[in-house]
There are 2 protein chains.
Amino acid sequence: MNNITIKDIANALGISNSTVSRALRDSHEISEDTKAKVIAYAKAVNYHPNPIAQSLRENKSYSIGVIVPEIANNYFSEVINGIDSVASQHDYHVVIYQTHESYEREISTIQHVLSRKADGLIISLSLETNDYSHIHSAMEDNFPIIFFDRVPPIENCYKVVSDNYEGAYKATKHMIEKGKKRIAHITSPPVLSITKERLAGYKAALKDNNIEVDDQLIKYCGFEPKDAFVVIDELIKNQKPDSIFVCSDRLALNCLEAIKNNPSEESKDLGLIGYTNLKTANLLYTPLSTIRQPAFEMGEKAAELLIKVLKSKNQIVDFETIILKNELIIR
Amino acid sequence: MNNITIKDIANALGISNSTVSRALRDSHEISEDTKAKVIAYAKAVNYHPNPIAQSLRENKSYSIGVIVPEIANNYFSEVINGIDSVASQHDYHVVIYQTHESYEREISTIQHVLSRKADGLIISLSLETNDYSHIHSAMEDNFPIIFFDRVPPIENCYKVVSDNYEGAYKATKHMIEKGKKRIAHITSPPVLSITKERLAGYKAALKDNNIEVDDQLIKYCGFEPKDAFVVIDELIKNQKPDSIFVCSDRLALNCLEAIKNNPSEESKDLGLIGYTNLKTANLLYTPLSTIRQPAFEMGEKAAELLIKVLKSKNQIVDFETIILKNELIIR
DNA sequence: TTATTTTCCGGCAACGTTCCCGACAACGAT
DNA sequence: ATCGTTGTCGGGAACGTTGCCGGAAAATAA
């Protein structure tokens with residue numbers, strides 16, 4: 001490998017370590033003459049500073065940890081894409097971890113990120129997380145954390161979210177305007193922040209349009225395919241909805257499959273709307289209108305916010321919550 | 001942050017640095033007595049070794065670079081998922097980069113991975129890459145590289161690929177058995193290794209079934225949506241295929257959209273088969289049989305191979321090419 | 001001329017870790 | 001009593017950087 005160090009340059013040029021170091025950082029203490037020599041030689045031998053040594057010296061790693069429930073999920077991978085685009089511009093690199101929706105893994109992963117000396121963290125919480133002491137203890141150490149999408153119920157922290165309430169409201173309103181009366185809501189487990197907010201939006205839209213909220217039409221559904229089958233079957237058999245508002249990518253896939261495979265006649269005429277970033281939404285067997293989250297942009301915003309915090313390490317950056325609008329796509 | 005060092009422990013216990021270090025690494029040179037003390041104290045103060053200092057000392061970073069064309073592509077994110085699962089088991093962390101299909105970015109990204117002192121690299125080449133000098137120069141420095149999916153035409157290197165020839169053969173044969181005679185082939189740009197291999201499989205299947213290869217039915221298509229529209233329109237208007245074999249995730253999406261929007265009658269009866277990892281293939285408006293690559297497994301194999309190379313740093317690991325089977329999923 | 005400031009550079013320590021080398025007991029063997 | 005052994009530990013250097021301190025030569029001021 002190419003392992004030329006500052007010392008090698010110093011020896012070759014017959015000058016000292018620190019002179020080389022300063023010349024390379026364009027210090028005013030070094031004459032233009034020697035600067036030129038050093039830079040020329042460094043380029044000739046293809047010198048690159050050793051980032052590990054720099055990290056040790058500066059106590060910074062120029063890496064940011066990203067923790068998501070699943071990488072192989074279109075929504076999250078788009079977010080990562082956005083994070084990456086901003087981070088690489090600022091010469092940070094992105095180290096990705098996944099929890100697979102496990103609380104245990106979330107704890108150990110955060111621990112790992114900390115001990116690996118990442119400069120900061122961008123995270124979306126796992127499904128199982130309903131205790132936040134691991135978060136609090138990391139935050140008490142002044143470790144910079146940006147939450148996105150699935151955020152904890154903590155006041156003073158940095159958050160990037162989409163306007164779930166409004167998105168769900170729009171989706172529900174759209175179904176109402178299409179003449180639907182019994183709009184079922186299939187959503188993620190109730191611990192998640194997004195679940196609560198979307199549910200609130202759904203209920204508000206119903207109330208504002210004088211439709212009574214029927215709790216029987218609201219179903220929390222796990223992410224296993226069979227969960228969706230059970231929920232869909234029960235719903236269609238007993239509740240007779242005329243439409244369904246499904247939240248989240250994975251639920252949408254599972255539910256669509258369950259609906260497609262449901263033998264009853266009612267399943268054929270269901271109006272469907274999803275809260276999802278599925279790229280194939282317009283190619284499905286049944287047109288699927290969607291609320292689409294600005295995933296890439298959320299990643300960008302989260303990364304920008306984190307880097308702002310990192311760069312202004314001494315001044316305090318006020319905690320803020322960035323709320324992005326969702327888009328209603330009618331198909 | 002929690003920044004206790006070996007020195008802190010040494011001072012607190014009134015022993016030397018090196019004794020602490022050795023005690024923590026369970027050296028035989030240290031008495032069980034002091035070992036126990038050190039370990040107990042380390043645990044009490046929640047000591048974690050500083051990986052950056054270790055990296056500097058050992059000249060290893062315990063990180064592996066992964067370069068893909070696009071993160072937000074289901075195939076690649078599943079591969080990354082596989083890589084991550086193996087790497088994290090071995091305490092390596094995964095640093096992800098994307099080229100956005102740009103040759104320039106591929107070069108600079110590899111340079112970045114090298115200067116960031118990753119221990120090794122797993123890469124799938126960009127679309128534009130048809131010169132391999134950047135690869136060669138990295139390999140000459142003995143930098144461990146594993147290629148997957150889109151591999152370079154280099155003999156002596158580590159590769160993980162799927163059996164593209166066989167996959168394309170199976171897909172084409174399947175269409176023939178369904179009675180199709182004019183099977184068009186829409187595929188990625190011809191520089192890619194996967195393009196050539198799949199094309200060869202396609203042709204072989206036709207020949208083996210006494211169907212003449214019609215070069216007019218073979219279309220190379222870029223990844224922009226409009227590219228697919230142009231290709232599909234031309235095909236349907238002039239070549240009258242009775243079925244289409246589309247390669248790659250992104251092409252499949254674009255082509256399906258183009259076909260769906262094509263006004264002609266012929267487009268309705270087209271038999272379709274894709275070479276893709278689309279999760280929604282069974283939910284599309286038209287049933288899409290697919291050749292499915294074992295993406296997760298490819299990631300696993302690539303990571304396992306890389307780690308094997310890294311761990312046996314002195315002995316030479318023979319270059320090898322791992323070929324994984326594809327699955328024909330009929331819908 | 002002498003005094004004072006610049007200009008330019010080298011020496012050294014430090015970041016946290018590991019490893020080589022040597023030291024100094026205690027021990028049994030000669 | 002002397003000599004090697006064994007067990008246990010400390011000192012110091014090194015990984016590649018950067019920053020502080022100080023110092024010699026050159027330039028300017030007196």
Side-chain angles (χ1 to χ4, degrees), chain A residues 1-42 45-63 91 114-119 313-314, chain B residues 1-42 45-63 91 114-119 313-314:
Chain A
M1 316 237 197
N2 180 14
N3 274 335
I4 309 138
T5 73
I6 277 192
K7 287 185 189 171
D8 298 329
I9 301 182
N11 288 337
L13 265 47
I15 55 181
S16 85
N17 269 354
S18 26
T19 303
V20 175
S21 172
R22 274 171 296 200
L24 291 172
R25 345 188 77 237
D26 200 29
S27 158
H28 64 278
E29 292 189 77
I30 304 297
S31 70
E32 294 304 323
D33 212 40
T34 42
K35 263 188 206 171
K37 267 187 229 161
V38 169
I39 292 173
Y41 187 80
V45 294
N46 192 25
Y47 166 80
H48 288 278
N50 184 324
I52 295 176
Q54 287 174 320
S55 291
L56 183 60
R57 187 82 230 285
E58 302 173 37
N59 201 24
K60 289 201 282 186
S61 64
Y62 290 98
S63 73
D91 257 304
L114 287 175
S115 71
R116 281 283 195 174
K117 303 282 176 195
D119 292 344
K313 195 51 200 169
N314 294 330
Chain B
M1 316 237 196
N2 180 12
N3 274 334
I4 310 139
T5 74
I6 277 191
K7 286 186 189 171
D8 299 328
I9 301 182
N11 289 337
L13 265 47
I15 56 182
S16 84
N17 266 351
S18 25
T19 303
V20 176
S21 172
R22 274 171 296 202
L24 291 172
R25 344 187 77 237
D26 201 29
S27 158
H28 65 278
E29 291 188 79
I30 304 297
S31 70
E32 295 303 323
D33 214 40
T34 41
K35 263 188 207 172
K37 267 186 229 159
V38 169
I39 292 173
Y41 186 81
V45 295
N46 192 26
Y47 167 79
H48 287 278
N50 184 323
I52 296 176
Q54 286 175 320
S55 291
L56 182 61
R57 187 82 233 282
E58 302 173 36
N59 200 26
K60 289 200 281 186
S61 64
Y62 290 97
S63 74
D91 257 306
L114 287 174
S115 70
R116 280 283 196 175
K117 305 281 175 193
D119 293 343
K313 194 53 199 165
N314 295 329

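All chains are named by letter (A, B, ...) in the order of the sequence lines, taking the proteins before the strands, and each is independently numbered beginning at 1.
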| request: Specify the residues of residues 18-30 of chain B, ordered by number, for which at least one heavy atom lies under 4.0 angstrom from an atom of DNA chain C. | output: B:S18, B:S21, B:R22, B:R25

Counting only side-chain N and O atoms of [X], is one of them less than 4.0 Å from OP1 or OP2 of [N]?
{"X": "A:Q54", "N": "D:dT18", "value": "yes"}
{"X": "A:T5", "N": "D:dC15", "value": "no"}
{"X": "A:K7", "N": "D:dA14", "value": "no"}

Whole-Å gap separating [atom2] ([N]) and [atom1] ([X]):
{"X": "B:K35", "N": "D:dC9", "atom1": "NZ", "atom2": "P", "result": "10 Å"}
{"X": "A:I9", "N": "D:dT17", "atom1": "CD1", "atom2": "C1'", "result": "12 Å"}
{"X": "A:D33", "N": "D:dA26", "atom1": "CG", "atom2": "C1'", "result": "15 Å"}

Which part of the nucleic acid, if any, lies within contact of [X], taking any heavy atom under 4.0 Å across all strands shown: a base, the sugar-phosphate backbone alone, or nothing?
{"X": "B:S55", "result": "nothing"}
{"X": "B:I52", "result": "nothing"}
{"X": "A:N59", "result": "nothing"}

| Using a heavy-atom cut-off of 4.0 Å to chain A, what are the terminal contacting nucleotides of DNA chain C, in 5' to 3' order? | C:dC8 to C:dG16

| Relative orientation of the end axes in the helix from C:dA3-D:dT28 to C:dT30-D:dA1, expressed as an angle to the nearest 10° (five pairs per end) | 70°

| message | If you define the side chain from C-beta out and look only at heavy atoms, does anything of A:P49 sit under 4.5 Å from A:Q54? | response | yes

